[in-house]
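Throughout, a chain's letter reflects where its sequence line sits, starting with A, and its residues are numbered from 1. A quick note: this is a predicted structure, and the numbers were derived from the prediction, not measured.
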2 protein chains.
Amino acid sequence: MIVETTINETLRKNQLSVTDSRKKILELFLQTQGALAHSDVEKQTGTLFDRVTIYRTLQTFVEKGIIHTIPTADNSVKYALCIDECTEGHHHDNHVHFVCDECNTTFCLTHVQIPSVKLPGGFTGKQTDVIISGICSRCGNQ
Amino acid sequence: MIVETTINETLRKNQLSVTDSRKKILELFLQTQGALAHSDVEKQTGTLFDRVTIYRTLQTFVEKGIIHTIPTADNSVKYALCIDECTEGHHHDNHVHFVCDECNTTFCLTHVQIPSVKLPGGFTGKQTDVIISGICSRCGNQ
DNA sequence: TACAGCTTTGCAACTTTGTTGCAAAATAAA
DNA sequence: TTTATTTTGCAACAAAGTTGCAAAGCTGTA
């Protein structure tokens, strides 16, 4: 169980009103190891909140830098907490994400170094996202 | 202008019937430097084909390995030709894509080496996608 | 070239996903 | 407690994607 104080503090720090939906959705992310899609949040909160509220809450969290979006090869958008306090300047610039082919969980690998890529002439890179798919530690060790 | 023979051959090689929509959509990809979203194809072909036909054609092309999907940070799916004959085993395993923040074009950088990433213990990577955003050569040189 | 068999297309209807405006409810500050 | 501001839920809508099925189009063979 996550201490409610932590959740409230996080919201206050980000100048957000403390509301039921925000508390519950933030708690969900804190409890979840992997990333969540909008539909996941919707399923896990049942009929507690309106669909629109969930959209707006996720959007707000992204704007405040509490969560970030993850690129996926299919059309789904996924969100994940930035676990490290890399949040300093609210720049979630470089990320490595791991999607398990078996259980379909998305991991945000914060402790992995982003490799630098040589770009062709004239191209200037700002942000690099790496998505690796394969088998995660849980599914591999069975 | 792309030779029609090339298009027909590509379709035949992949055991696909040669139809107007397939010819036209494949031609579009051959003419386009960047990647295309479903909506781009729709706009560029006008009322020539039904929306459903475009969906199905893109899906077929992906299955046959003629094009591949590109992960994006927003929710849009993009498709691009695999230009190199890396198609040998129909395994489009590793890709570097570049999205220009300015003109929003997506480039499939086939000649860029994919860096290897050290994964945490227990994780086994199979496919790596790298998405770099920034300024492309066209927009930078102006 | 014509025909039979198979594949593809277009239509209609539907589901899912995401957005916007606005009044009511909840929260924050005084 | 009261007031000002923020957030929520509803309704209505727009966009994106899917499915079944009959009609039309392709392919191979004669």
Exercise for the section: Could you tell me whether A/L48 contacts a base, only the sugar-phosphate backbone, or nothing, with contacts defined as non-hydrogen atoms closer than 4.0 Å? Expected result: sugar-phosphate

Problem - Donor-acceptor contact present, side-chain B/N14 to main-chain B/L16, <3.5 Å - result: no

Completion exercise
Of the listed D/dG9, D/dT18, C/dG10, the closest approach to the B/T53 side chain comes from C/dG10

Practice task
For the side chain of B/L16, starting at C-beta, report the closest nucleotide among C/dT19, C/dT8, D/dT18.
Solution key: C/dT8

Whole angstrom is fine here: how far is it from [atom1] in [X] over to [atom2] in [N]?
X	N	atom1	atom2	value
B/E42	D/dA15	CD	P	11 Å
A/N14	C/dT27	CG	P	18 Å
A/Q15	D/dT6	CD	P	11 Å
B/D50	D/dA24	CG	P	15 Å
A/F61	D/dT7	CZ	C1'	12 Å
B/L11	C/dT7	CG	P	16 Å
B/Y55	D/dG17	OH	C1'	5 Å
A/R12	C/dT27	CZ	P	11 Å

Problem - A/Y79 and its side chain to side chain contact (heavy atoms under 4.5 Å, CB included) partner, picked from A/T69, A/V41, A/L36 - result: A/T69

Exercise for the section: Return yes if the base of D/dG17 and the side-chain atoms of B/R56 contain a donor-acceptor N/O pair under 3.5 Å, otherwise no. Expected result: no

Exercise for the section: Test for a donor-acceptor pair under 3.5 Å between the base of C/dG18 and the side chain of A/R51, counting only N and O atoms. Expected result: yes

Practice task
Sort and list the pairs that fulfil ring-ring contact (aromatic ring centres under 6.0 Å, His included) and have at least one residue in residues 17-53 of chain B, not counting sequence neighbours.
Solution key: B/H38-B/Y55

Establish, with yes or no, whether the OP1 or OP2 oxygen of [N] is under 4.0 angstrom from a side-chain nitrogen or oxygen of [X].
X	N	value
A/S17	D/dT6	no
B/R22	C/dT8	yes
A/S21	D/dT7	no
A/T19	D/dT7	no

Exercise for the section: Would you please indicate yes or no on a ring centroid separation below 6.0 angstrom for A/F98 and B/F123? Expected result: yes

Exercise for the section: Kindly work out whether a path of hydrophobic side-chain contacts (I/L/V/M/F/W/Y, heavy atoms less than 4.5 Å apart) joins A/L30 to A/L28. Expected result: yes

Practice task
Tell me which of B/V52 and B/D20 sits closer to the 5' end of DNA chain C, going by the nucleotide each one is nearest to.
Solution key: B/D20

